[in-house]
Engineer: 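Below is a structure I'd like to ask you about.
Remember, predicted model here, so these are calculated numbers, not experimental data.
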Amino acid sequence: MKREIKFSLVFRDMWQSAGKYVPRVDQLVKVAPAIIEMGCFARVETNGGGFEQVNLLFGENPNKAVREWTKPFHEAGIQTHMLDRALNGLRMSPVPADVRKLFYKVKKAQGTDITRTFCGLNDTRNIIPSIGYAHDAGMISQCSLCITFSPVHTVEYYVNMAKELIEAGADEICIKDMAGIGRPVSLGKIVAGIKKIKDIPVQYHSHAGPGFNMASILEVCEAGCDYIDVGMEPLSWGTGHADLLSVQAMLKDAGFQVPEINMEAYMKVRALIQEFMDDFLGLYISPRNRLMNSLLIGPGLPGGMMGSLMADLESNLESINKYKAKRNLPFMTQDQLLIKLFNEVAYVWPRVGYPPLVTPFSQYVKNLSMMNVIAMEKGKERWGMIADDIWDMLLGKAGKLPGTLAPELIEKAEREGRKFFTGNPQDNYPDALDKYRKMMKENKWELGEDEEELFEYAMHPAQYEAYKSGKAKEDFLADVEKRRAERDKSPLDDAKPKTLTVQVDGQAYRVTVAYGDIDLPASATEKVTAPVGEGQDVPAPLEGKFFLTKNAQETPLKVGDKVEKGDLLCYIEAMKTYNAIRADFAGTVTAICVNPGDSVSEDDVLMKIG
């Protein structure tokens, strides 16, 4: 009999690899006893990554959710682990060091045992501080190697990275094959190389999409891996993870000691997952995400990101086709857009220095590629819109790129007066907790047990404010109802008259569009009153959510402020990235036409400058 292999259920990632959301806390607490009853998991991934942002979007308190969700596993002796994005903590953008330290203190107090820390650039300078933060908080530090396949990401590259992390005090190593494109034999060599350095626990995490990961699981186990991350039906395979039942059967046949599974409890968990999907979570899961796709080998996009990609494609496709409709051009299909995006990712990735395609850099590469595709479909050139966070990656502010930047991007940076950075990335982001403490006191908000509310505000300022105001829950419930109505509508609904606003020679009219003959009301062609405020429109260049600022360090513009050409006006959050909108001309802000947090469509007027 060979060594023992233990299983970890990646319950959070299962959901976020399939769609946008994870279950509410009441649903999580409902399913926990059945997961424990299955009797086969040494570990469960309970939080991290986008988990807490999802709580906030629900209008739930994420701290309450983590405490209630981890508690039953602790009582059962099952370890809980979470995802930590190193310099980025739990969000898409860098986090001050004092917020990172508080993060560990809070999560340990809430019941998280292990932090799986990764840097999307594999820059160990971003990971190593988290080892110390974890140990100071009494947590296990599991450091990740983000696996990708490129000329610079060799077996030697990864073994040397693991050696550096082990020497810095890492307790465990995770082989984070986030896109499932690691080649099985190479992954086995990496695990064997780690075990030669030091016999510490190694955990393998992979996604099923491209089709390699069952072979990879067998290879890493043969090489000495200790823990395997698994999913379970109805959320395994596709953009998710290998299924528990298949992995157990394969490893048992190979002679490894593996835990037995209480199948009665398994069926309970399976039924509850389906129940949660039928409730509302299925509204955010594209059927395509249930499929495996070898096309993913080329772009190497991670499974966790593919869950939200298909939803993003819908709005991007609508934007492109609106442009084409105005010019009587043939519409694009979603399949055509997907292939164009994959091809553009393959074009962009080497030119931005081969960052491992994992959060947030997978989103950056995908978003940049999508912006390029949209621009080119509209007759514009590549690289026209690059978000500030993406610039930080290109300039070295988020860490050292594994490869080299393309000359055209270096020239663009120099042309725009942007400076490259070679120092320690954390130095770019000064401590901020005192500022958030002051703001919470002004708002009369409690800091929370173990200062957990302070942590939440400092980590997710915009989402936390929307949660506290009630706007987040209101928007979420409205979106659920909209999606339910769309799912349940009759084909005849499309034939009902619809009232639209159109512009003719600069004048807005309200018109009714319908199939067949109808009687038009007198108001159907009335003129629409122009918005208050004089000046030139600042239109939204893309669809998303409008924000005047993205953090507490920025001062929002107000009516009456003067701006120069190139000044920052506001942001549109789209595809998890804050895209800066800058002034194309100088003047005075005469109107702000949208409220922070509101959804906007492309070409909506954001503000006026006179």
Side-chain angles (χ1 to χ4, degrees), residues 3-18 22 28 31-32 34-49 51 66 69-70 72-74 76-84 107 111-118 134 139-147 170-178 180 182 187 191 194 200-208 213-214 216-218 220-221 224-233 235-237 240-252 256-262 265-266 269 273 303-304:
R3 295 175 304 102
E4 181 184 15
I5 303 293
K6 297 179 180 179
F7 295 141
S8 174
L9 180 67
V10 280
F11 197 80
R12 176 205 66 83
D13 201 9
M14 274 168 46
W15 287 98
Q16 291 188 314
S17 296
V22 297
L28 293 169
V31 76
I35 292 173
I36 294 165
E37 193 182 345
M38 284 174 65
C40 57
F41 296 119
R43 294 176 170 177
V44 174
E45 184 202 32
T46 50
N47 49 308
F51 178 86
V66 174
W69 173 221
T70 57
F73 297 111
H74 271 283
I78 295 173
Q79 290 179 309
T80 59
H81 65 96
M82 69 176 297
L83 209 55
D84 164 32
K107 292 306 139 191
T112 309
D113 300 307
I114 304 165
T115 50
R116 175 178 293 174
T117 305
F118 73 93
M139 301 176 82
I140 294 169
S141 173
Q142 184 185 91
C143 295
S144 300
L145 315 180
C146 292
I147 302 297
D171 302 305
E172 301 182 3
I173 295 293
C174 173
I175 309 296
K176 184 173 170 58
D177 190 5
M178 60 280 172
L187 291 170
V191 172
I194 294 168
I200 64 172
V202 174
Q203 189 158 342
Y204 179 58
H205 173 89
S206 68
H207 287 253
N213 81 327
M214 283 295 278
S216 297
I217 288 169
L218 188 56
V220 297
C221 288
C225 191
D226 304 280
Y227 293 87
I228 299 295
D229 284 359
V230 294
M232 58 177 290
E233 290 288 359
L235 291 178
S236 50
W237 310 118
H241 315 81
D243 187 80
L244 165 68
L245 300 184
S246 300
V247 173
Q248 191 229 30
M250 176 181 70
L251 294 180
K252 183 184 286 189
F256 291 99
Q257 299 176 51
V258 289
E260 293 301 321
I261 303 164
N262 180 332
Y266 173 93
V269 177
I273 292 171

Engineer: Applying side-chain contact (heavy atoms from CB on, under 4.5 Å), run through I273 and W15 and close with a yes or a no.
Structural biologist: CA-CA 9 Å; I273 292 171; W15 287 98; 3.7 Å; yes

Engineer: A side-chain contact here means heavy atoms from C-beta on lying under 4.5 Å apart; do T112 and V66 qualify?
Structural biologist: yes

Engineer: Does D84 use its side chain to pair, donor to acceptor, with the backbone of T115 at less than 3.5 Å?
Structural biologist: no

Engineer: How far apart are the closest heavy atoms of C225 and R3, and which atoms are they?
Structural biologist: O-NH1, 3.0 Å

Engineer: Counting C-beta onward and ignoring hydrogens, is there a side-chain heavy-atom pair between L145 and I194 closer than 4.5 Å?
Structural biologist: yes

Engineer: Please tell me if the side chains of F11 and V31 come closer than 4.5 Å, counting only heavy atoms from C-beta onward.
Structural biologist: yes

Engineer: Can you find a pair of side-chain heavy atoms, one from H74 and one from D113, that are under 4.5 Å apart?
Structural biologist: yes

Engineer: What are the two closest non-hydrogen atoms of I5 and C221, and how far apart are they?
Structural biologist: CD1-SG, 3.8 Å

Engineer: Calculate, to the nearest 0.5 Å, the distance between atoms CD1 and NE2 belonging to I217 and H205 respectively.
Structural biologist: 10.5 Å

Engineer: Looking at every non-hydrogen atom in both residues, tell me the closest pair between D177 and G182 and how far apart they are.
Structural biologist: OD1-N, 3.1 Å

Engineer: Walk me through it: do I114 and Q203 pass the test side-chain contact (heavy atoms from CB on, under 4.5 Å)?
Structural biologist: CA-CA 12 Å; I114 304 165; Q203 189 158 342; 5.8 Å; no

Engineer: Do any pairs count as a salt bridge (charged side-chain N to carboxylate O under 4.0 Å, His left out) and have a residue in residues 38-49, sequence neighbours left out, and if so which ones?
Structural biologist: R12-E45, R43-E172

Engineer: Going through the checks in order, is the side-chain contact (heavy atoms from CB on, under 4.5 Å) test met by N47 and K107?
Structural biologist: CA-CA 10 Å; N47 49 308; K107 292 306 139 191; 3.9 Å; yes

Engineer: Decide yes or no on side-chain contact (heavy atoms from CB on, under 4.5 Å) for I78 and I36, but give the supporting numbers first.
Structural biologist: CA-CA 8 Å; I78 295 173; I36 294 165; 4.0 Å; yes

Engineer: Search all heavy atoms of L28 against all heavy atoms of W69 and return the closest pair with its distance.
Structural biologist: O-CZ3, 3.2 Å

Engineer: Is there a side-chain contact between Q248 and V230 (heavy atoms, below 4.5 Å)?
Structural biologist: no

Engineer: With side chains defined as the heavy atoms from C-beta onward, is the minimum distance between Y227 and P201 less than 4.5 Å?
Structural biologist: yes

Engineer: What distance separates N262 CG from C40 SG, expressed to the nearest 0.5 Å?
Structural biologist: 8.5 Å

Engineer: Run the side chain to side chain donor-acceptor pair (under 3.5 Å) test against E233 and tell me which residues pass, sequence neighbours left out.
Structural biologist: S236

Engineer: Let me confirm one number: the CE-CG distance from M139 to D171, rounded to the nearest 0.5 Å.
Structural biologist: 11.0 Å

Engineer: What is the minimum heavy-atom distance between A242 and V247, and which atoms define it?
Structural biologist: CB-CG2, 3.7 Å

Engineer: What are the two closest heavy atoms between G111 and T80, and how far apart are they?
Structural biologist: O-OG1, 2.9 Å

Engineer: To the nearest 0.5 angstrom, please state how far the CG atom of L218 sits from the CD1 atom of I228.
Structural biologist: 9.5 Å

Engineer: H81: what forms a side chain to side chain donor-acceptor pair (under 3.5 Å) with it, not counting sequence neighbours?
Structural biologist: S8

Engineer: Are the side chains of T46 and F51 in touch, meaning some heavy atoms are under 4.5 Å apart?
Structural biologist: no

Engineer: When rounded to the nearest 0.5 angstrom, what distance separates CG in L235 from CG in D243?
Structural biologist: 10.5 Å

Engineer: Would a 4.5 Å heavy-atom cut-off, applied to side chains only, mark K176 and L83 as touching?
Structural biologist: yes

Engineer: When rounded to the nearest 0.5 angstrom, what is the spacing between CG in L245 and CD1 in I261?
Structural biologist: 5.0 Å

Engineer: Is a side-chain donor-acceptor pair under 3.5 Å present for D13 with H241?
Structural biologist: yes

